[in-house]
Amino acid sequence: MGEGTIDSADDWDITTVEDYRWHEELVSRWQRARAEARRYLITGDPAAQDLARANDELAESIKKNLVSVRNRLRGEGISPPKLPPELGDLEETERPA
């Protein structure tokens with residue numbers, strides 16, 4: 001079975017579809033949080049540093065949710081979608097429960 005694939009249509013249920021959609025949304029949210037953190041960091045404004053930290057914390061929280069969704073998919077015998085390169089370290093921290 002390949003990355004982000006299932007063996008048959010019978011493996012799909014509403015929860016699986018929701019998990020795939022949620023996975024995509026979480027990746028998108030993580031990317032936005034990281035972009036915002038970088039944007040605030042380059043301003044040099046001390047107040048913006050707090051916003052950068054808040055976005056970094058949000059990104060870390062989102063990563064934890066991604067691990068949960070990916071482990072849930074694996075628990076169903078389904079390979080989770082491929083991650084973007086900037087989230088490659090996530091593959092090493094996640095393990096099925």
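None of the values given here were measured: they were computed from a predicted structure. In this chain, residues are counted from 1 in sequence order.
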Colleague: Is there a path of hydrophobic side-chain contacts, each under 4.5 Å between heavy atoms, that joins I62 and Y40?
Modeller: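 No.
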Colleague: With rounding to the nearest 0.5 Å, note down the distance linking NZ in K82 to NE2 in H23.
Modeller: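 Atom-to-atom, K82:NZ and H23:NE2 are 12.5 Å apart.
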Colleague: Within a strict 4.5 Å, meaning less than it, do heavy atoms of the R74 and P80 side chains meet?
Modeller: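 Yes, side chains in contact.
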Colleague: In terms of side-chain geometry, is the basic nitrogen of E57 or K64 positioned less than 4.0 Å from the acidic oxygen of its partner?
Modeller: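 Here E57 does not pair with K64 in a salt bridge, since their nearest N and O are not under 4.0 Å apart.
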Colleague: Starting at OG of S61, measure out to CG of D56 and round the result to the nearest 0.5 Å.
Modeller: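 Reported value, rounded in 0.5 Å steps: 12.5 Å.
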Colleague: Do you know which of E25, R32, E24 makes side-chain hydrogen bond (donor to acceptor under 3.5 Å, both in side chains) with S28?
Modeller: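 Among E25, R32, E24, the one that satisfies the side-chain hydrogen bond (donor to acceptor under 3.5 Å, both in side chains) with S28 is R32.
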Colleague: To the closest 0.5 Å, what do you measure between CG (N55) and CH2 (W30)?
Modeller: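 Going from CG on N55 over to CH2 on W30, the span is 12.0 Å.
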Colleague: In Å, rounded to the nearest 0.5 Å, how long is the span from CG of N71 to CG of L73?
Modeller: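 Reported value, rounded in 0.5 Å steps: 9.0 Å.
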Colleague: Given side chains that start at C-beta, do those of Q49 and L41 come closer than 4.5 Å, heavy atoms only?
Modeller: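 In contact.
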Colleague: Once rounded to the nearest 0.5 Å, what's the spacing between atom CZ of R34 and atom CG of L87?
Modeller: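 Those atoms lie 10.0 Å apart.
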Colleague: Can you list the residues that meet the salt bridge (charged side-chain N to carboxylate O under 4.0 Å, His left out) rule with R53, with sequence neighbours excluded?
Modeller: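 Only D50 meet the salt bridge (charged side-chain N to carboxylate O under 4.0 Å, His left out) criterion with R53.
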Colleague: Report the residues that fulfil side-chain contact (heavy atoms from CB on, under 4.5 Å) with E60, sequence neighbours left out, ordered by chain and then residue number.
Modeller: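 Scan of E60 (side-chain contact (heavy atoms from CB on, under 4.5 Å), adjacent residues dropped) gives K63.
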Colleague: Mind checking the CG-CG spacing from L51 to L58? Nearest 0.5 Å is all I need.
Modeller: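 The distance works out to 12.0 Å.
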Colleague: With side chains defined as the heavy atoms from C-beta onward, is the minimum distance between Y20 and V69 less than 4.5 Å?
Modeller: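 The answer is no, as the side chains (C-beta and beyond) never meet within the 4.5 Å cut-off.
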Colleague: Counting only heavy atoms not in R21, do more than 12 fall under 6.0 Å of its CZ?
Modeller: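 Atom CZ in R21 is not packed in, count stays at 12 or less.
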Colleague: With no hydrogens and no angle check, is any side-chain donor or acceptor of R70 less than 3.5 Å from a backbone partner on P81?
Modeller: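 Judged by distance alone, yes, a pair lies under 3.5 Å.
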